[in-house]
Amino acid sequence: METLLWLCNWSTLGVCAALKLPQISAVLGARSSRGISLPSLLLELAGFLVFLRYQCYYEYPLLTYLEFPILIAQDLILLLCVFHFNGDVRRAAPYIIRVVSSVSAWFILTLQQWILDLAMNLCTFISAASKFAQLQYLWKSRDSGAVSALTWSLASYTCAARIITTLMTTNDLTILIRFVIMLALNIWVTATILHYRKTDIKSE
């Protein structure tokens, strides 16, 4: 069991260290952010921040959430890429400032346990909304564009691994439910990306 826990923790960290790199690479290679939903990215970032604060507050083992600072940094880089290729680089600065100020305010406000618990319950809905925003964008455009199926499939793996580590360490039901829902939605997004990619290939 200890070997399985070690494997899940470190493989998740390894995967998350490069999780967004295929997506960032795809955007840079295509020189386009076509197919990427900005609301989805912002909601995902918000969900990560809430989740990170929750884990820190309850002093859960560091290895069970160490990937989230890495994911937040990668999301910020991807956000800058999206703004750059949308021709809205100047609009990126206010978003970055809001993120930094939100993080500062968030860490102060959530010193109250009840606020943090409530926010964590809402976090699942925020993260799910980010996935549905991406799905809606794909359904509407019927084009996966520069969206990386590899990034979404790797995200599915990390959710599956975190279900195992949660069961073996904290056994926190709120976190467990979140990862189960995220796993299902990540698989759904991956399947949708692959579906529209095949459609594009056939039309060509």
Side-chain angles (χ1 to χ4, degrees), residues 1-20 23 39-76 78-79 98-135 151-191:
M1 295 295 284
E2 288 183 6
T3 303
L4 177 60
L5 181 60
W6 183 91
L7 181 63
C8 287
N9 276 328
W10 286 102
S11 65
T12 299
L13 286 174
V15 167
C16 286
L19 182 65
K20 300 287 183 174
Q23 182 61 80
S40 171
L41 189 57
L42 293 171
L43 286 169
E44 181 181 67
L45 193 54
F48 285 163
L49 291 169
V50 174
F51 190 76
L52 178 62
R53 183 65 183 109
Y54 181 87
Q55 297 269 36
C56 291
Y57 182 88
Y58 284 103
E59 297 181 348
Y60 285 154
L62 184 62
L63 282 178
T64 62
Y65 65 90
L66 189 57
E67 71 270 19
F68 283 90
I70 300 169
L71 291 173
I72 289 167
Q74 291 181 10
D75 263 355
L76 289 173
L78 184 56
L79 186 63
R98 285 178 196 170
V99 168
V100 173
S101 60
S102 296
V103 170
S104 304
W106 172 244
F107 273 76
I108 294 170
L109 286 173
T110 53
L111 293 177
Q112 294 292 326
Q113 183 178 345
W114 70 270
I115 297 176
L116 185 59
D117 289 341
L118 177 62
M120 185 58 195
N121 287 322
L122 293 173
C123 175
T124 300
F125 293 102
I126 292 171
S127 297
S130 77
K131 313 299 179 187
F132 278 114
Q134 183 61 61
L135 282 167
T151 289
W152 285 93
S153 59
L154 289 175
S156 301
Y157 169 78
T158 61
C159 286
R162 281 304 177 211
I163 290 171
I164 296 170
T165 59
T166 302
L167 288 171
M168 295 178 70
T169 53
T170 63
N171 207 25
D172 188 313
L173 184 60
T174 305
I175 292 176
L176 190 61
I177 290 171
R178 180 186 184 278
F179 280 126
V180 170
I181 293 173
M182 293 305 101
L183 173 61
L185 291 175
N186 282 334
I187 292 172
W188 192 359
V189 174
T190 303

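Numbers for residues simply follow the sequence, beginning at 1.
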From [X] atom [atom1] to [Y] atom [atom2], the distance as rounded to the nearest 0.5 Å:
X: L71; Y: L66; atom1: CG; atom2: CG; result: 10.0 Å
X: L173; Y: L167; atom1: CG; atom2: CG; result: 10.0 Å
X: F48; Y: L76; atom1: CZ; atom2: CG; result: 11.0 Å
X: I163; Y: I177; atom1: CD1; atom2: CD1; result: 11.5 Å
X: Q55; Y: T170; atom1: CD; atom2: OG1; result: 6.5 Å
X: W188; Y: L183; atom1: CH2; atom2: CG; result: 14.0 Å

Given 3.5 Å as the limit, does a donor-acceptor pair link the side chain of [X] with the main chain of [Y], or not?
X: T158; Y: T12; answer: no
X: S127; Y: T124; answer: no
X: Q74; Y: K20; answer: yes

Where [X] and [Y] come nearest, the two heavy atoms and their spacing:
X: R162; Y: N9; answer: NH1-OD1, 2.6 Å
X: C123; Y: G47; answer: SG-O, 3.3 Å
X: L13; Y: L63; answer: CD1-CD2, 3.6 Å
X: N186; Y: C159; answer: ND2-SG, 3.4 Å
X: T165; Y: C8; answer: CG2-CB, 3.5 Å
X: I181; Y: A128; answer: CG2-CB, 4.5 Å

* Minimum side-chain heavy-atom gap K131-L43 below 4.5 Å ->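 No - every pair of side-chain heavy atoms lies 4.5 Å or more apart.
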
* Side-chain heavy atoms of L62 within contact of Y65, under 4.5 Å ->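 L62 reaches Y65 side chain to side chain.
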
* ring-ring contact (aromatic ring centres under 6.0 Å, His included) between F68 and Y54: does it pass, once the steps are laid out? -> CA-CA 12 Å; F68 283 90; Y54 181 87; over 10 Å; no

* To do: Under the side-chain contact (heavy atoms from CB on, under 4.5 Å) rule, what do L52 and I72 come out as? Steps first, then yes or no, please.
  => CA-CA 10 Å; L52 178 62; I72 289 167; 4.0 Å; yes

* To do: Indicate whether the side chain of D172 and that of Y58 have a donor and an acceptor atom separated by less than 3.5 Å.
  =>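 Distance-only check fails for D172 and Y58.
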
* Asked: Which is it for L49 and E44 under the side-chain contact (heavy atoms from CB on, under 4.5 Å) test, yes or no, and what are the steps along the way?
  -> CA-CA 9 Å; L49 291 169; E44 181 181 67; over 6 Å; no

